[in-house]
Amino acid sequence: MNEKFDSIVDNKWWQEIAVVAFSFTIYTLKNDWMLFSSMASILMGIFFYLILYLHAQFNRFFLLPILFKTRRPVTYILLTLFGVVVFSIVLYEITTLDMFNNCRLYQNSHQRSYVYQLASVLGTLVCILSPIIVFKFYRIHKRRTDEALLFNQMQLNSLKGQLNPHFLFNTFNTLYGISLKFPDRTPDLIMKVSQLMRYQLESNSKQCVSLEDELEFINSYVQLEKERVGYRCDVTYDCKIDNENAYKISPMLLIAFIENAFKHGTCAIEKCFVRIFITVEKGDLHLHVVNSIPTKKTDVVSTKIGLKNTIERLNLIYGKNYKLDIQEEKNTYIVDLKLQLKKFV
């Protein structure tokens, strides 16, 4: 129903019909349409309206471009006033013809005056041009909005396309590290990795997924990392959600921060830690990730594609309606993200 209504509102011809209906109603009320007692009066009223409508369309197609395209407002105002005067004279001369003696249109003496005709021409011009200009700017704004949304969607798809190989690369690095130390557990871990890959592929074509599915994906990834570094790294994962099924989120929006914590926080042999806290209360998501920074770092290959793309996705999806704070202290790296989730309708 809403889509049908939107299509009618966006249709240029329906907009034209609405303008005519609106201006014609104002015109008939102004001229006591209910007192027209004969077909001759009705036809004469329509004839007068068509002259006023013709004047407004002349202004629209020949004078308005001077204002909007050539940016000459003074010229437009002068030509508009000249047109109002000319059409007012035409209407005034028509009211003096003998054909008006037998109809009840413009019976009062003041209605047949030049001042009244001048006011009619000017008033009808405003009544017709105002909604036409509003609809014109509405169409321009909607077209630009649609173009911006399409461009943003193309950017998001591009970023997701870059992020997926990045995640795949990191995941297989994790699997490789586990297989070296625990080769007998490799088959089970391959099955877990395949489940992560399946979610990644299935969610790739979706703009949003349920928060429950996203958190299950994050939990599976954390468990996989625990298999790799849990014997030498203190891994904490705490998730408190008031209602998982009520919210949706862009897929794989949080995983880059968690990947980064494991990648750089566990790259040393000495005792290290990764702490992940996710809370959602009344739609407000708060991700807090803290990882240790080893004093003796090993060389870690890092393209920084994951974090960079995730921040760009946040900017495209939320604009300024999110808060990301990243701090690198002496021994810890802290990521603090706050954003408002959307609810499933």
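Residue numbers count from 1 along this sequence.
Note: the hydrophobic cluster containing V121 also contains V90 (ILVMFWY, side chain heavy atoms under 4.5 Å, direct or indirect links). Under the 4.5 Å side-chain heavy-atom criterion for grouping Ile, Leu, Val, Met, Phe, Trp and Tyr, I276 is not connected to I334 through any hydrophobic cluster. I133 and I128 fall within a single hydrophobic cluster, where Ile, Leu, Val, Met, Phe, Trp and Tyr side chains are chained together by heavy-atom contacts under 4.5 Å. Put simply, L307 and L324 are part of the same group of oily side chains (I, L, V, M, F, W, Y) that touch within less than 4.5 Å, one to the next. Grouping the Ile, Leu, Val, Met, Phe, Trp and Tyr side chains by contacts below 4.5 angstrom, directly or via other members, places I326 with I255.
We find the NZ-CD distance between K263 and E225 to be 11.0 Å, quoted to the nearest 0.5 Å. For the atom pair OH (Y92) and OH (Y116), the distance works out to 15.0 Å, reported to the nearest 0.5 Å. The structure places CD1 of I258 at 11.5 Å from CG of N291, a figure rounded to the nearest 0.5 Å. Interatomic distance, R72 CZ to L78 CG, rounded to the nearest 0.5 Å: 11.0 Å. With rounding to the nearest 0.5 Å, the separation of CG in L316 from CD1 in I311 is 12.5 Å. Between E214 atom CD and S250 atom OG the span is 8.0 Å, to the nearest 0.5 Å.
Residues passing the side-chain contact (heavy atoms from CB on, under 4.5 Å) test with S292 are C272, F273, sequence neighbours excluded. Evaluation of the side chain to side chain donor-acceptor pair (under 3.5 Å) rule for Y322 yields N315 as partners, not counting sequence neighbours. In this structure Y333 satisfies the ring pair (Phe, Tyr, Trp, His ring centres under 6.0 Å) test with no other residue, sequence neighbours excluded.
At a threshold of 4.5 Å between non-hydrogen side-chain atoms, the residues L91 and F87 do not count as touching. At least one side-chain heavy atom of I293 sits less than 4.5 Å from a side-chain heavy atom of E328. The side-chain heavy atoms of V274 and T236, taken from C-beta on, include no pair separated by under 4.5 Å. At least one side-chain heavy atom of V290 sits under 4.5 Å from a side-chain heavy atom of H288. Residues T75 and T70 fail the side-chain proximity criterion, which asks for heavy atoms closer than 4.5 Å. Counting heavy atoms from C-beta on, the side chains of D242 and Y247 come closer than 4.5 Å. Side-chain contact between Y221 and E259: present, with at least one pair of heavy atoms (C-beta onward) separated by less than 4.5 Å.
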Exercise for review: Apply the test side chain to side chain donor-acceptor pair (under 3.5 Å) to residues T332 and E329: give CA-CA distance (whole Å), side-chain angles for both, the deciding distance (0.1 Å), then the verdict.
Suggested key: CA-CA 5 Å; T332 58; E329 301 178 355; 3.2 Å; yes
Practice item. Take F262 and V222 through the test side chain to side chain contact (heavy atoms under 4.5 Å, CB included) and record every step on the way to the result. Key: CA-CA 9 Å; F262 281 107; V222 172; 4.3 Å; yes
Practice item. Start with the C-alpha gap between F48 and Q117, add the side-chain angles, then the distance that decides, and say whether side chain to side chain contact (heavy atoms under 4.5 Å, CB included) holds. Key: CA-CA 10 Å; F48 262 77; Q117 301 307 324; 4.1 Å; yes
Check your understanding: For L254 and L337, what are the C-alpha separation, side-chain angles and deciding distance, and is it a side chain to side chain contact (heavy atoms under 4.5 Å, CB included)?
Key -> CA-CA 9 Å; L254 309 177; L337 173 65; 3.7 Å; yes
Exercise for review: Could you check I132 against V134 for side chain to side chain contact (heavy atoms under 4.5 Å, CB included), going step by step and ending with a plain yes or no?
Suggested key: CA-CA 5 Å; I132 286 176; V134 169; over 6 Å; no
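Scanning all heavy atoms of the two residues, the minimum distance from A261 to V289 falls at CB-CG1, 3.6 Å. When all heavy atoms of A256 and T310 are compared, the closest pair comes out as CB-OG1, 3.1 Å.
Considering H286, Q327, K323 in turn, H286 is the only one that fulfils the side-chain contact (heavy atoms from CB on, under 4.5 Å) rule with D336.
Proximity of a side-chain donor or acceptor of R313 to a complementary backbone N or O of M252 within less than 3.5 Å is detected. A donor-acceptor distance shorter than 3.5 angstrom exists from the side chain of S210 to the backbone of D213, with no hydrogens or angles considered.
Residue pairs meeting the salt bridge (Lys or Arg N to Asp or Glu O under 4.0 Å) criterion with at least one member in residues 116-131: none, sequence neighbours excluded.
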Show every donor-acceptor pair shorter than 3.5 Å between a side-chain atom in residues 278-285 and any protein atom, with sequence neighbours excluded, or say none if there are none.
none

Show which side-chain atoms of residues 49-66 pair as donor or acceptor with protein atoms under 3.5 Å away, not counting sequence neighbours.
residue: Y49; atom: OH; partner: V20; partner atom: O; Å: 3.4
residue: Y49; atom: OH; partner: S23; partner atom: OG; Å: 2.7
residue: Y53; atom: OH; partner: Q57; partner atom: NE2; Å: 3.2
residue: Q57; atom: OE1; partner: R60; partner atom: NH1; Å: 3.2
residue: N59; atom: OD1; partner: Y76; partner atom: OH; Å: 3.0
residue: N59; atom: ND2; partner: T80; partner atom: OG1; Å: 3.2
residue: R60; atom: NH1; partner: E16; partner atom: OE1; Å: 3.1
residue: R60; atom: NH1; partner: E16; partner atom: OE2; Å: 2.9
residue: R60; atom: NH2; partner: E16; partner atom: OE2; Å: 2.6

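Counted within 6.0 Å of NZ on K136, heavy atoms from surrounding residues, nucleotides or ligands total 12 or fewer; the atom is thus considered open.
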